[in-house]
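Contents: one structure, followed by commentary.
So that the names make sense, note that chain A is the first sequence line, chain B the second, and so on, each numbered from 1.
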Number of protein chains: 2
Amino acid sequence: MNIKHSKEDVLNKGMMLFRLNGYHNTGTNEILRETGISRGSFYNFFKDKDDFGVQVLDYYTMSTTNYINELLNKKGLNAKQRIVHLFEIFTESYTKVNYKWGCLLVGMTQELSGINELFTQATGRNFEELIKPLTICIQQGQEAGVINKGQKPRAMALSIWGSYNGALVLMKSGLHQEPLDAFLENLNKTLKV
Amino acid sequence: MNIKHSKEDVLNKGMMLFRLNGYHNTGTNEILRETGISRGSFYNFFKDKDDFGVQVLDYYTMSTTNYINELLNKKGLNAKQRIVHLFEIFTESYTKVNYKWGCLLVGMTQELSGINELFTQATGRNFEELIKPLTICIQQGQEAGVINKGQKPRAMALSIWGSYNGALVLMKSGLHQEPLDAFLENLNKTLKV
DNA sequence: TTGCATATAGATAGATCGGTCTAATTAATT
DNA sequence: AATTAATTAGACCGATCTATCTATATGCAA
C-alpha cells in the first residue's frame, strides 16, 4: 500500500529541520524519516538535495512575506506602530521555542551563500523579497510624518532588518532573550521622529 | 622525514576554512590537505573535530578581541570616534574579500548553537568576550558625554554588535556592500548625543 | 646511550552521505 | 478495458565522512 504525500508537507518539514539543525547537518535520510516519504518519491519531487533546499528557502520566504504583509497592513495602527508590532510578534515566536531555531535565510546565507552558485542567487533573491514590504511601510511612515527621515526608506529597512537578523544570531549564541529586547528598544529609537 | 607544524598554524588555517565554507561543509580531509598535517598529528593535537572547532572558535575570539582592544584604545580619538573607526576598519576587511566570508562566531552559532552542547557553551562564552570591550567603551563615552545615554551601555553594545552581525549576514546574502553602509550610517545615529 | 613519552605518517575501518535503479503500484488517457 | 505515464517503495552503489590503529620517527630526561 503506497502513501501519497503533498509536496507542501515535505517542504514544511524540511523547513523545520533546516531551521533547527542547519542544511549540511540535515541528511536526506532524516528528511525521509521525518516526512515518511520514500527515497524514490523524494527524488521524483526534487532533482537533488540542493534543489530541495532552494525550494524550501523560496517557500519559507513566500510564507514569511505573506505574514509580514498581513501585519504591515493591519488597520487602526500607523506605519510606525505596525512595524513595532511586526517585530514584537516575530521576536515572540522565537521566545516561544526557547531560542532554539533561527531565520532560515540567515542560516542558509551563512552555510551556502558565496559557496554554491544556486544558493548564492537564492539568498540574494529571497532577501530582496523579504525586505520589500518593510521598505514600503517605512516610506509611507516617513510621508505620513510618523517615522523620522534620517535615512532613506531602503537604507533604514536594511538597518532595521539587519539589526533584527543580528539580534536573532546573538539570541541563538547565548540562547537568551536579552538581545531581542535590546533590538526592540533600539528599533523605537531608530524610527522616532 | 617528518614535518613539524605549530598548533597555531593549524588553528589559523581551520579558522579560514570554517569562515569560508562553514563547519559541517569542511571535512577533516580538507583540513589535513590545506595544513599539510597528517591525520595522526591532527588527532594527536585534538580529541576530535568538535574539539578542534571549539579551539578554533576560542582562538578566533581571542585574536579578534585583542584587535578590538587595540582599536578601542587608540589615542587622539574620543570614545565615539573610536567605535566608528573600529567598525569602519572591520567592515572594510569584508569588502576586501568580496564579501565571501563571515564572522566565525555568527557561522558557528547558526550551525551549532542549540544543537551541540559543547558549542552552545562556546558560542555563549565567546560572544560575551567579544562584546565586553565595546560595552566598556560605550560606558566611557556616555560618561564623557560624547555618546547618548538613551540605552544602558550593555543594551547599546548588544544593539550595535547585533546590527553589525546582521549587516554581515545581509552583506553575504547578496554579496554586496549596501548593508554595511546602511549599518555605518545607522551607527552614527545610534551613538549621537 | 638508554628508555620513555610524544609526534608523525598513512592505511584502514565502519558509518553515513547523496543519488540511482528496478520493480510495483497508482493515476491518467484513449 | 487497455495502454501509457507518473508515482512510490526500498535495495543498492560509490563516495566521503570521522575516527582508530599500527608502525615509525623524534625529542627529552636520566
Side-chain angles (χ1 to χ4, degrees), chain A residues 1-57 104 107-108 110-112 115-120 122, chain B residues 1-57 59 107-108 110-112 115-120 122:
Chain A
M1 179 61 173
N2 290 341
I3 301 172
K4 183 98 174 68
H5 292 87
S6 87
K7 191 171 164 180
E8 192 166 336
D9 283 347
V10 184
L11 289 175
N12 247 313
K13 205 71 175 178
M15 189 174 81
M16 206 202 72
L17 288 171
F18 290 153
R19 288 182 76 176
L20 257 177
N21 302 323
Y23 182 75
H24 290 109
N25 197 34
T26 304
T28 50
N29 281 322
E30 195 176 351
I31 296 165
L32 302 184
R33 183 168 11 96
E34 288 290 316
T35 56
I37 206 177
S38 77
R39 191 154 279 270
S41 290
F42 181 85
Y43 281 94
N44 182 52
F45 279 149
F46 311 101
K47 190 178 159 293
D48 51 30
K49 192 192 172 188
D50 281 2
D51 179 44
F52 176 64
V54 170
Q55 289 200 42
V56 166
L57 183 55
L104 182 65
M108 293 234 166
Q110 280 296 324
E111 285 199 66
L112 296 152
I115 303 170
N116 178 303
E117 180 54 28
L118 212 61
F119 278 99
T120 304
Chain B
M1 181 57 172
N2 291 342
I3 301 172
K4 183 99 173 65
H5 293 87
S6 86
K7 190 171 164 180
E8 191 167 337
D9 283 347
V10 183
L11 288 175
N12 247 312
K13 205 69 175 180
M15 188 174 83
M16 206 203 70
L17 288 171
F18 290 153
R19 289 182 75 176
L20 257 177
N21 302 323
Y23 182 74
H24 290 108
N25 197 34
T26 304
T28 50
N29 280 321
E30 195 176 352
I31 296 164
L32 302 183
R33 184 169 9 98
E34 287 291 315
T35 55
I37 206 178
S38 77
R39 190 154 283 271
S41 290
F42 181 85
Y43 281 94
N44 182 53
F45 279 150
F46 310 101
K47 189 179 159 293
D48 50 30
K49 193 192 169 187
D50 281 2
D51 179 47
F52 176 63
V54 170
Q55 289 200 43
V56 166
L57 183 55
Y59 177 75
M108 292 232 166
Q110 280 296 324
E111 285 200 66
L112 296 153
I115 303 171
N116 179 302
E117 181 53 29
L118 213 61
F119 278 100
T120 303

Whole Å only: how far is the [atom1] atom of [X] from the [atom2] atom of [N]?
X: A:Glu30; N: C:dA15; atom1: CD; atom2: C1'; result: 15 Å
X: A:Leu32; N: D:dA11; atom1: CG; atom2: P; result: 13 Å
X: B:Asp9; N: C:dA7; atom1: CG; atom2: P; result: 16 Å
X: B:Ile31; N: D:dT18; atom1: CD1; atom2: P; result: 7 Å
X: A:Tyr23; N: C:dC17; atom1: OH; atom2: P; result: 13 Å
X: A:Asn21; N: C:dC17; atom1: CG; atom2: C1'; result: 16 Å
X: B:Lys49; N: D:dT16; atom1: NZ; atom2: P; result: 15 Å
X: B:Asn29; N: C:dT12; atom1: CG; atom2: P; result: 15 Å

Within residues 35-46 of chain B, find the residues that approach DNA chain D with a heavy atom at under 4.0 Å, and present them sorted by residue number.
-> B:Arg39, B:Tyr43
Is the shortest side-chain N/O distance from B:Thr28 to OP1 or OP2 of D:dT18 below 4.0 Å?
-> yes
Would you say the side-chain atoms of B:Thr35 pair up with the backbone N or O of B:Ile31, donor to acceptor, closer than 3.5 Å?
-> yes
Under 3.5 Å, is there a donor-acceptor pair between the side chain of A:Thr26 and the main chain of A:Gly22?
-> yes
Would you sort out whether A:Tyr43 and A:Asp48 count as a side chain to side chain donor-acceptor pair (under 3.5 Å), showing the intermediate values?
-> CA-CA 6 Å; A:Tyr43 281 94; A:Asp48 51 30; over 6 Å; no
Which residue, A:Asn25 or A:Lys47, contacts DNA chain C at a nucleotide closer to its 5' end, judged by nearest heavy atom?
-> A:Asn25
Would you say A:Glu111 and B:Glu111 make side-chain contact, with heavy atoms under 4.5 Å?
-> yes
Establish, yes or no, whether a centroid distance under 6.0 Å links the rings of B:Tyr23 and B:Phe52.
-> no
Search all heavy atoms of B:Leu118 against all heavy atoms of B:Asn116 and return the closest pair with its distance.
-> N-OD1, 2.9 Å
